[in-house]
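Below is one structure, written out as structure tokens, with a few remarks after it.
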Amino acid sequence: QVQVVESGGGLVQAGGSLRLSCTLSGRTFRFYVMGWFRQAPGKEREFVARVSRDGGSTGYADSVKGRFTISRDVAENTVYLQMNSLKPEDSAVYYCAADITAVTDSVSGYKHWGQGTQVTVSS
């Protein structure tokens, strides 16, 4: 079975930075497209970023482009989300997701999900 676990959330002031980490176990890490999503209270879970199997291709939501960076470390079976210039509207539970195919940047495009990690940005 595939297991996905996120960590690194916390409280940060606006303009600050956080780095989230996500590990995948139970299957070969390099076979999976990895993505980050977030969900704020009263809102739908939304796509944030995605990285390809080999780490050579990335994609971002317009709301985070230029501020967030997704990357992966194959040796450590870990994907990261470096979040800079954080804004209060970035506050949400952040979820890591994995899928063999991930044909769409949407919740339905990913089969395996972590439990989420809370990110709170204060003004």
Worksheet item: What pairs of residues pass the salt bridge (Lys or Arg N to Asp or Glu O under 4.0 Å) test when at least one of them lies in residues 107-123, not counting sequence neighbours?
Response: none
Below 3.5 Å, can you tabulate the donor-acceptor pairs from side chains in residues 75-88 to any protein atom, sequence neighbours excluded?
{"unit_1": "Glu76", "atom_1": "OE1", "unit_2": "Tyr80", "atom_2": "OH", "d": "3.0"}
{"unit_1": "Thr78", "atom_1": "OG1", "unit_2": "Glu76", "atom_2": "O", "d": "2.7"}
{"unit_1": "Gln82", "atom_1": "NE2", "unit_2": "Asn84", "atom_2": "OD1", "d": "3.0"}
{"unit_1": "Asn84", "atom_1": "OD1", "unit_2": "Ser17", "atom_2": "OG", "d": "2.8"}

Practice prompt. Output every pair passing disulfide bond (SG atoms under 2.5 Å apart) with a member in residues 18-121, not counting sequence neighbours, ordered by first then second residue.
Written response: Cys22-Cys96
Fill in: Of all pairs that satisfy ring-ring contact (aromatic ring centres under 6.0 Å, His included), the ones with a partner from residues 3-28, not counting sequence neighbours
none
Item to complete: For residues Val2 and Tyr32, report the shortest heavy-atom separation together with the two atoms involved.
Response: CG2-OH, 3.4 Å
Which side-chain N or O atoms in residues 116-123 pair as donor and acceptor under 3.5 Å with protein atoms at least two apart or in another chain?
{"unit_1": "Thr117", "atom_1": "OG1", "unit_2": "Gly9", "atom_2": "N", "d": "3.1"}
{"unit_1": "Gln118", "atom_1": "OE1", "unit_2": "Thr120", "atom_2": "OG1", "d": "3.4"}

Fill in: Shortest non-hydrogen contact from Met34 toward Ala98
SD-CB, 3.4 Å
Worksheet item: What residues form a side chain to side chain donor-acceptor pair (under 3.5 Å) with Arg50, not counting sequence neighbours?
Response: Asp105
Worksheet item: Should the heavy atoms of other residues, nucleotides or ligands under 6.0 Å from CD of Glu89 be counted, would the total exceed 12?
Response: yes
Worksheet item: Of all heavy-atom pairs between Trp36 and Leu20, which one has the smallest distance, and what is that distance?
Response: CH2-CB, 3.6 Å
Worksheet item: Arg27: what forms a side chain to side chain donor-acceptor pair (under 3.5 Å) with it, not counting sequence neighbours?
Response: none
For a quick test of your reading: what N or O donor-acceptor pairs under 3.5 Å do the side chains of residues 55-65 make, sequence neighbours left out?
{"unit_1": "Tyr60", "atom_1": "OH", "unit_2": "Ile70", "atom_2": "N", "d": "2.9"}
{"unit_1": "Ser63", "atom_1": "OG", "unit_2": "Arg38", "atom_2": "NH2", "d": "3.4"}

Worksheet, complete the sentence: Apart from Trp113 itself, members of its ILVMFWY cluster (side-chain separation under 4.5 Å) are Val33, Phe37, Phe47, Val93, Tyr95, Val107, Tyr110
Worksheet item: Quick one: salt bridge (charged side-chain N to carboxylate O under 4.0 Å, His left out) partners of Arg19, sequence neighbours excluded?
Response: none
Worksheet item: With sequence neighbours left out, what residues match Ser106 under side chain to side chain donor-acceptor pair (under 3.5 Å)?
Response: Thr104, Ser108
Worksheet item: Does the pair Asp90 and Arg67 meet the rule for a side chain to side chain contact (heavy atoms under 4.5 Å, CB included), with working shown?
Response: CA-CA 11 Å; Asp90 293 319; Arg67 299 188 297 120; 2.7 Å; yes
Worksheet entry | Separation between OH of Tyr94 and CG of Leu18, rounded to the nearest 0.5 Å | 9.0 Å
